[in-house]
2 protein chains.
Amino acid sequence: MLSPDEILAVIEDGGFRSTASRRRLADVLTSHEEGFTAEELVAETPGVGRATVYRTIRLLVEQELLCKLSLPDGTPRYTLAQRGHHHHVVCQNCGSVREFRQSAMERMLKELESSDGDVVTGHRIEVFVVCAECLVRGVVPTNVHQH
Amino acid sequence: MLSPDEILAVIEDGGFRSTASRRRLADVLTSHEEGFTAEELVAETPGVGRATVYRTIRLLVEQELLCKLSLPDGTPRYTLAQRGHHHHVVCQNCGSVREFRQSAMERMLKELESSDGDVVTGHRIEVFVVCAECLVRGVVPTNVHQH
DNA sequence: AGCATAATCGATACTTAGTATCATTTGATG
DNA sequence: CATCAAATGATACTAAGTATCGATTATGCT
Ligand SMILES: [Zn+2]
Ligand SMILES: [Zn+2]
Ligand SMILES: [Zn+2]
Ligand SMILES: [Zn+2]
């Protein structure tokens, strides 16, 4: 997992300043193993303004240190990124997140490129699950209709 | 493509009423070949309240007649659904949408099921492009970073 | 260390994409 | 055509941010 210092290093390498608010946020971020909301971050960093929290989230998403995902109903969720291209498996019940990589699938998505006059610029994939922890707690999985 | 009557038929078959507002919306919806926003619909059905437009959108998404997608920046967009399981190719410049199906990829996503204690309940896939029309108009494709 | 200054900050107002409430209207059924 | 739950429109509210702006601060320079 990413450490607060690694986050600060990326911020500084990007030409941005290492500030007290950003250090506070880096600490709180790295304490989350399992995905979180922006408002959780706001609540967990009292004294840091809401605008600063959202600005920092945006900065870190741009720097590819944070991933922004959304649950089946569209509510947004954030998680720390590992390295490289990946996607996420998200528990629709508790919001816990893990990464997955599937090179065969990536190859297939690239092939769409040649099929039309379009130029492919990216893709978004989210796999929804009810995670093992929620299952043992008795949550009944229901299929979600998504596109 | 879906006709207004087919939309109304699905609404009635679902046990919902065929009302003036819903007929107006069915007409406007089917006139859109290429994806639209909720606010466009509001603007195009004067006299129909904003709440009714959003309620009808929700109803039609539940009935799987409308697909809700989002652009790389997260702004929502709707499009009429064809039949069966599918995903979408979305132009990040003009928002135009087409469906795609990739059975090999679907099979791969199902296989994730066996890999963990999780139960897969669904997935979301969007492929972003700059479409042929935008390309001839000189739009330069830039890759989008997504998960 | 002291200073300049652009970056960043917090407070606050605003925006976008909806949902909730509720009094009124309307469409389906008998 | 009377009934009455379903649906409607107006309005208020919420969630998830973004924009503005005057005050503060980190960084580089001397
Ligand atoms: Zn990610
Ligand atoms: Zn990928
Ligand atoms: Zn669809
Ligand atoms: Zn699929």
Side-chain angles (χ1 to χ4, degrees), chain A residues 4-5 7-29 35-63 66-79 90 95, chain B residues 4-5 7-29 35-63 66-79 90 95:
Chain A
D5 283 353
I7 293 175
L8 267 295
V10 171
I11 287 174
E12 291 184 49
D13 292 353
F16 304 99
R17 290 179 179 175
S18 174
T19 68
S21 298
R22 286 169 180 171
R23 281 188 293 273
R24 299 268 315 278
L25 282 164
D27 286 341
V28 171
L29 278 173
F36 48 88
T37 64
E39 288 302 315
E40 279 168 23
L41 237 49
V42 171
E44 290 164 5
T45 51
V48 178
R50 169 173 273 95
T52 298
V53 172
Y54 279 99
R55 280 188 289 239
T56 305
I57 287 175
R58 192 180 347 138
L59 175 62
L60 295 179
V61 170
E62 281 161 10
Q63 300 299 310
L66 277 186
C67 309
K68 182 177 186 175
L69 343 149
S70 55
L71 300 186
D73 69 357
T75 62
R77 226 172 155 75
Y78 298 90
T79 191
V90 186
Chain B
D5 284 352
I7 293 176
L8 266 295
V10 172
I11 286 174
E12 292 185 49
D13 292 354
F16 304 100
R17 291 179 177 174
S18 173
T19 68
S21 297
R22 286 170 180 170
R23 281 188 293 274
R24 300 267 317 277
L25 282 165
D27 286 343
V28 171
L29 277 173
F36 48 87
T37 64
E39 288 302 316
E40 279 167 23
L41 237 49
V42 171
E44 289 164 6
T45 51
V48 178
R50 168 175 272 95
T52 297
V53 172
Y54 278 100
R55 280 189 289 237
T56 304
I57 287 174
R58 191 175 356 132
L59 175 64
L60 295 178
V61 169
E62 280 161 11
Q63 300 299 311
L66 277 187
C67 309
K68 181 176 184 174
L69 343 149
S70 57
L71 301 186
D73 69 357
T75 63
R77 227 173 154 74
Y78 298 90
T79 190
V90 186

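Everything numeric in this text was worked out from a predicted model, so none of it was measured. Convention: sequence-line order gives letters A, B, ...; per-chain numbering from 1.
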Worksheet item: Any side-chain heavy atom of A:Pro46 sitting closer than 4.5 Å to one from A:Arg24?
Response: yes
Worksheet item: Looking at the side chain of A:Ala38, which of D:dT8, D:dG17, D:dT27 is the nearest nucleotide?
Response: D:dG17
Worksheet item: Do the side-chain N or O atoms of B:Thr19 get closer than 4.0 angstrom to the phosphate oxygens (OP1, OP2) of D:dT8?
Response: yes
Worksheet item: Reckon B:Gly47 touches a base, only the sugar-phosphate, or nothing at all at heavy-atom distances under 4.0 Å?
Response: sugar-phosphate
Fill in: Rounded interatomic separation in angstrom, taking CG from A:Leu59 and P from C:dC9
9 Å
Item to complete: Answer yes or no: is there a donor N or O on one side and an acceptor on the other, between the side chain of A:Thr45 and the main chain of A:Leu41, under 3.5 Å?
Response: yes
Worksheet item: Under 4.0 Å: is that the gap between some side-chain N or O of B:Tyr78 and OP1 or OP2 of C:dA17?
Response: no
Discussion item. By nearest heavy atom, map A:Ala51 and B:Ala20 onto DNA chain C; which one lands nearer the 5' end?
Written reply: A:Ala51
Practice prompt. Indicate whether OP1 or OP2 belonging to C:dG18 is found under 4.0 Å from a side-chain N or O atom of B:Lys68.
Written response: yes
Practice prompt. Report the distance from atom CZ of A:Arg23 to atom C1' of C:dT8, rounded to the nearest whole Å.
Written response: 12 Å
Discussion item. In this structure, how many angstroms lie between the P atom of C:dT16 and the CG atom of B:Asp73, rounded?
Written reply: 13 Å
Practice prompt. Report yes if a donor N or O on one partner sits less than 3.5 Å from an acceptor N or O on the other, where the partners are the side chain of B:Arg22 and the base of C:dG27; otherwise report no.
Written response: no
Worksheet item: Does B:Thr75 have a side-chain nitrogen or oxygen under 4.0 Å from the phosphate oxygens OP1 or OP2 of C:dT16?
Response: no
Item to complete: Check whether any side-chain heavy atom of B:Arg23 lies under 4.5 Å from a side-chain heavy atom of B:Pro4, and answer yes or no.
Response: no
Discussion item. On the nucleotide D:dA26, are OP1 or OP2 found under 4.0 Å from the side-chain N or O atoms that A:Ser18 carries?
Written reply: no
Worksheet entry | Rounded interatomic separation in angstrom, taking CG from B:Leu8 and C1' from D:dA7 | 14 Å
Practice prompt. Calculate, to the nearest 0.5 Å, the distance between atoms CG and CZ belonging to B:Leu60 and B:Arg22 respectively.
Written response: 8.5 Å
Discussion item. Between P on D:dG17 and CD on A:Glu62, what's the gap in Å once rounded to a whole number?
Written reply: 14 Å
Worksheet item: Of all the nucleotides listed (C:dA6, D:dG17, C:dG18), which has the minimum atom distance to the side chain of A:Arg17?
Response: C:dA6
Worksheet item: Can a side chain N or O of A:Arg58 be found less than 4.0 Å away from OP1 or OP2 on D:dG17?
Response: no
Worksheet item: Roughly how many Å is it from OH in A:Tyr54 to P in C:dC9, rounded to a whole number?
Response: 16 Å
Worksheet item: Are any non-hydrogen side-chain atoms of B:Leu29 and B:Phe36 less than 4.5 angstrom apart?
Response: yes
Practice prompt. For the side chain of B:Ser21, starting at C-beta, report the closest nucleotide among D:dA16, D:dG9, D:dA26.
Written response: D:dG9
Worksheet entry | Closest heavy-atom pair and its distance - A:Ala38, A:Ile57 | CB-CD1, 3.6 Å
Practice prompt. Could you pick out which residue, A:Arg55 or A:Glu39, lies toward the 5' side of DNA chain D when each is mapped onto its nearest nucleotide?
Written response: A:Glu39
Worksheet item: Taking atom C1' of D:dT8 as reference, at what distance in whole Å does atom CD1 of B:Ile57 sit?
Response: 16 Å
Fill in: Between P of D:dA16 and CG of A:Leu66, the distance in whole Å
16 Å
Fill in: First encountered from the 5' end of DNA chain C, between A:Thr56 and B:Arg77
A:Thr56
